[in-house]
Amino acid sequence: MKRICVVGTGYVGLVSGTGLADFGNHVVCVDIDKDKIELLKKGKIPIYEPGLKEVVDRNVKAGRLRFSTDIDKAIRDSEVVFSAVGTPPGEGGEADLRAVWAVATVFAKNLDGYKVFVNKSTVPVGTGRKVYELIRELAGRDASFDVVSNPEFLREGSAVGDFLHPDRVVIGSSNPKATEIMKDVYKALYLRKTPYVETNIESAELIKYASNAFLATKITFINEIANLCDKVGADVHVVAEAMGQDGRISPKFLHPGPGYGGSCFPKDTMALVEIFKEVGIKTKVVEAVVEANEHQKALVVDRLKELIPDLKGKVIAILGLSFKPNTDDTRFSPSKVVIPLLEKEGARVQCYDPVATKDFKRDFPDLDYKKSAYDACQGADAVILMTEWNEFRGLDLEEIKKLLKSPVFLDTRNVYDPADMRERGFIYGSVGRAHIR
Ligand SMILES: NC(=O)C1=CN([C@@H]2O[C@H](COP(=O)(O)OP(=O)(O)OC[C@H]3O[C@@H](n4cnc5c(N)ncnc54)[C@H](O)[C@@H]3O)[C@@H](O)[C@H]2O)C=CC1
Ligand SMILES: O=C(O)[C@H]1O[C@H](OP(=O)(O)OP(=O)(O)OC[C@H]2O[C@@H](n3ccc(=O)[nH]c3=O)[C@H](O)[C@@H]2O)[C@H](O)[C@@H](O)[C@@H]1O
């Protein structure tokens, strides 16, 4: 078991730090955001992530998990330093690595004996090598350290379970000593026979981008098939289910919708396009996925116009602002594309989300935020279900119909049964199920 410092206490840093403590390590999570650390010290969780508080509490209580703003000391006290800072898209779509360089710099400054720098953030291929060179330059020839790539595959909304029970652990390293240390860090998983992928740094870095881009491609593919279903009289649910029965395809990530969002698929697909460009070769596939996904988000408004052709002066209820359920994260949420497009058409929006309103308000401070799905539907000319929160799966549909000025319901997540909705008197739209009667 190791003494670990996790730098960056966001979605990944906080969940990883907590999970690593749960595996028996001694972990201190640090961040430059003092408010975040203050909250954590008081036992409060700064993000909405189901099940996280319980695991944080039990590890804090067991003395294995702490929070601090003293990054220098935390690094000096640790053998393994995880960097889990953000790598958001830069102006041209490439990953902005400023936070990673900042962590490498503070690591180098506090290198007082052998330590492992573990890059957990998603970074372009070659970054690990550059981090190594930067630390070497700053800490000197005699400094003793290794750089490891250990990409993370957790999903928001199910992050705790994903971290504690991963499909695989990827360790990219150029020194067996560092690999052994990483195996010790993840010993609890190793004992549970979780697959380990031991490889070089470049492969580990690329595994992460390739995995995310592949999943984004799968979603985009089924979205296009859904769009086709609407034109030719097929039902995308039946098509996807039957496709998924082929073990080579698998049923996962074949759910059509308003386009993928979130802090990773959009930014990682864009970054992968840039990585291809940098080495002078072209990716037609990933570029097409990025473009098709933008189109899919905009298509939501076209679908609505098929149900009510003129949106000018209409009131539209939006249910769901987060990019997926069970998270307060609204980064690249499809609602962020759809709402401005509706406003451009002259519509007025009333919206509701169970937890993501605060995050959404940072970019859209002046929207009409309502306290419930029913408030949002009150007097609206149509409702668009944008995120499949559980509470939107169990709506009192008769009540919704009464509240709406006209019973137009666009279900971008295919939560409801088209035949049932039409029977109830809704003018109902879906993604790829237009012909179900
Ligand atoms: N969010 C997710 O579901 C997943 C994210 N990733 C990757 O993990 C990385 C982190 O993502 P998130 O946790 O979503 O980001 P985030 O934005 O939630 O958290 C990043 C944290 O790093 C802190 N930070 C920034 N610069 C710092 C510095 N110099 N020193 C100390 N702290 C600093 C910020 O204050 C923030 O709290 C990204 O590269 C992302 O692509 C990977 C897998 C899943
Ligand atoms: O690198 C990351 O940050 C993470 O990105 C995704 O996780 P996340 O973005 O949290 O959530 P997902 O469940 O993958 O959903 C992403 C987007 O795709 C959409 N989606 C997902 C699945 C599907 O079948 N259809 C679909 O439209 C979701 O609604 C959401 O907008 C990956 O699933 C994680 O493995 C990865 O670690």
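Both counts, for ligands and for their atoms, begin at 1 and track the order of listing.
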Check your understanding: Taking side chain as C-beta onward, heavy atoms only, is Ile4 less than 4.5 Å from Phe82?
Key -> yes
With heavy atoms and a 4.0 Å threshold, my read on which part of Val123 contacts ligand 1 is neither
With heavy atoms and a 4.0 Å threshold, my read on which part of Leu254 contacts ligand 2 is backbone
Considering both backbone and side-chain atoms of Thr122, is one of its nitrogen or oxygen atoms within less than 3.5 Å of a nitrogen or oxygen in ligand 1?
yes
Within 4.0 Å of some non-hydrogen atom of Glu152, the atoms of ligand 2 are 37 (O)
Do Pro89 and Glu94 have side-chain heavy atoms sitting under 4.5 Å apart? no
How about Phe409 and Tyr416: are their ring centroids closer than 6.0 Å?
yes
message: Under 3.5 Å, is there a donor on one side chain and an acceptor on the other for Ser158 and Asp162?
response: yes
### Task
Would you check whether Thr122 has a nitrogen or oxygen atom less than 3.5 angstrom from a nitrogen or oxygen atom of ligand 2?
no
Honestly, is Arg168 close enough over Tyr196, meaning NZ or CZ under 6.0 Å from the six-membered ring centre and within 45° of the axis? no
Going by the 4.0 angstrom heavy-atom rule, the piece of Arg155 near ligand 2 is both
Here the atoms of ligand 1 under 4.0 Å from any heavy atom belonging to Val12 are 2 (C), 4 (C), 5 (C), 6 (N), 8 (O), 13 (O), 42 (C), 43 (C), 44 (C)
Tell me, yes or no, whether the heavy-atom count around Arg98 atom CZ, taken from other residues, nucleotides or ligands under 6.0 Å, exceeds 12. no
Verify whether one side chain among Glu205 and Asn119 offers a donor that lies under 3.5 Å from an acceptor in the other. no
- Item | Min side-chain heavy-atom separation Leu228-Val236 under 4.5 Å | no
Verify whether the ring centers belonging to Phe145 and Tyr132 lie closer than 6.0 Å.
yes
Checking heavy atoms under 4.0 Å, the part of Lys34 that sits near ligand 1 is neither
Quick one: does Arg413 get a heavy atom under 4.0 Å from ligand 2?
yes
Under 4.0 Å from one or more heavy atoms of Ser263, ligand 1 contributes atoms 1 (N)
_Taking distance alone, with N or O pairs closer than 3.5 Å, would you say Ser263 contacts ligand 2?_
no
Heavy-atom proximity to atom 17 (C) of ligand 2, picking from Gly261, Ser322, Gly262, points to Gly261
Taking the side chain as every heavy atom from C-beta outward, state whether Thr87 and Asp96 have any pair of such atoms under 4.5 Å apart. no
Quick look: Ala84 vs ligand 1, heavy-atom contacts under 4.0 Å, and the answer is backbone
At under 4.0 Å between heavy atoms, what of Leu154 touches ligand 2? The answer is backbone
cation_pi(Lys361, Tyr369) dist<6.0 Å, angle<=45:
yes
Atom 29 (N) of ligand 1 sits nearest the protein heavy atom Ala102 CB, 3.7 Å
Atom 2 (C) of ligand 1 has as its nearest protein heavy atom Glu156 OE2, 3.5 Å
Answer with yes or no after comparing the ring centroid distance for Phe163 and Phe23 against a 6.0 Å cut-off, counting only values under it. yes
Ranking Tyr11, Phe265, Phe253, Phe323 by closest non-hydrogen atom to atom 9 (O) of ligand 2, top hit is Phe323
Nearest non-hydrogen protein atom to atom 20 (C) of ligand 1, with distance, is Gly86 N, 3.6 Å
among protein heavy atoms, the one nearest atom 35 (O) of ligand 1 is Asp31 OD1, 2.6 Å
Numbered in order shown, the ligand 2 atoms found under 4.0 Å of a heavy atom of Glu156 are 10 (O)
Evaluate Lys267 for polar contact with ligand 1, using N/O atom pairs at a separation under 3.5 Å.
yes
Pairs of nitrogen or oxygen atoms closer than 3.5 Å, one from Lys120 and one from ligand 1: do any exist?
no
Ranked by distance from atom 39 (O) of ligand 1, the top protein heavy atom is Thr87 OG1, 2.6 Å
Of all protein heavy atoms, the one nearest atom 17 (O) of ligand 1 is Arg331 NH1, 3.6 Å
| said: Within the 3.5 Å criterion, strictly below it, is a donor on Asp420 or Tyr428 matched to an acceptor on the partner's side chain? | reply: no
The residue among Asp353, Ile339, Thr412 that forms side chain to side chain contact (heavy atoms under 4.5 Å, CB included) with Met386 is Thr412
Residue, atom and distance of the protein heavy atom nearest atom 22 (O) of ligand 1 read Gly8 CA, 3.4 Å
Below the 3.5 angstrom mark, is there an N/O of Lys36, backbone or side chain, next to an N/O of ligand 1?
yes
Under 4.0 Å from one or more heavy atoms of Lys208, ligand 2 contributes atoms 1 (O), 2 (C), 36 (C), 37 (O)
Open item on the list: I'd like to know whether the aromatic ring centres of Phe360 and Phe364 sit less than 6.0 Å apart in this structure.
Closed with: yes
A student checking ligand 1 against Val7 at a 4.0 Å heavy-atom cut-off should list atoms 30 (N), 31 (C)
Shortest non-hydrogen pair, Val6 vs Gly13, comes out as CG1-O, 3.7 Å
The atoms of ligand 1 lying under 4.0 Å from a heavy atom of Ala99, numbered in the order shown, are 26 (N)
heavy-atom search around atom 9 (C) of ligand 1 in the protein gives Val85 O, 3.3 Å
So the atoms of ligand 1 within less than 4.0 Å of a heavy atom of Lys208 turn out to be 43 (C)
